[in-house]
Amino acid sequence: MPLWGRCQFVENISDPRMTQRIAQESGARIGGTLFSDALSDAAGPAPTYLRMNEHNARSLAEALGA
């Protein structure tokens, strides 16, 4: 299986149950939560668009073993 097929990510504004079910049935793992259209609250990991992009890049790199 290619590297990109080994993990899935949950979007912060969606219900994670479908992604969790797909991961369970496919053997993939959940790589983390990514932020897209909605930022986190001020205390969260993505309170600004700059921090959102940093968080997403770090989450992707960690999950894919970079």
Side-chain angles (χ1 to χ4, degrees):
M1 176 181 280
L3 180 63
W4 53 265
R6 294 185 182 162
C7 67
Q8 297 178 322
F9 294 88
V10 178
E11 187 177 0
N12 70 311
I13 59 173
S14 65
D15 184 342
R17 290 179 295 177
M18 178 64 77
T19 301
Q20 292 166 346
R21 180 68 182 253
I22 292 169
Q24 178 186 16
E25 292 184 13
S26 69
R29 65 183 178 84
I30 302 295
T33 300
L34 300 179
F35 291 80
S36 59
D37 295 333
L39 300 174
S40 67
D41 61 22
T48 66
Y49 283 102
L50 177 60
R51 298 263 315 269
M52 175 187 74
N53 285 308
E54 290 170 347
H55 167 81
N56 288 348
R58 188 173 37 260
S59 294
L60 289 164
E62 288 173 2
L64 298 176

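Linking ILVMFWY side-chain heavy atoms closer than 4.5 Å, directly or via other members, places F35 and L50 in two distinct hydrophobic clusters.
Of all non-hydrogen atoms in L64 and C7, the two that sit nearest each other are CD2-SG, 3.7 Å. Pairing each heavy atom of R29 with each of E62, the nearest pair is NH2-O, 4.4 Å. The two residues P47 and D41 come nearest to each other via the heavy atoms CB-O, 3.6 Å.
Of the possible donor and acceptor atoms, none in the side chain of N12 sits under 3.5 Å from a partner among the backbone N and O of S40.
Classification of R21 and E25 as a salt-bridged pair holds, one side-chain N sitting under 4.0 Å from a carboxylate O.
Here the straight-line distance linking atom NE2 of H55 with atom CG of L34 works out to 6.0 Å at 0.5 Å rounding. The CD atom of E54 lies 7.0 Å from the OG1 atom of T48; values are rounded to the nearest 0.5 Å.
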Legend entry - Trace of the side-chain hydrogen bond (donor to acceptor under 3.5 Å, both in side chains) decision for Q8 with T19: CA-CA 7 Å; Q8 297 178 322; T19 301; 5.2 Å; no
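Looking at F9 and N56, their side chains never come closer than 4.5 Å, going by heavy atoms from C-beta outward. S59 places none of its side-chain heavy atoms less than 4.5 Å from the side chain of T33.
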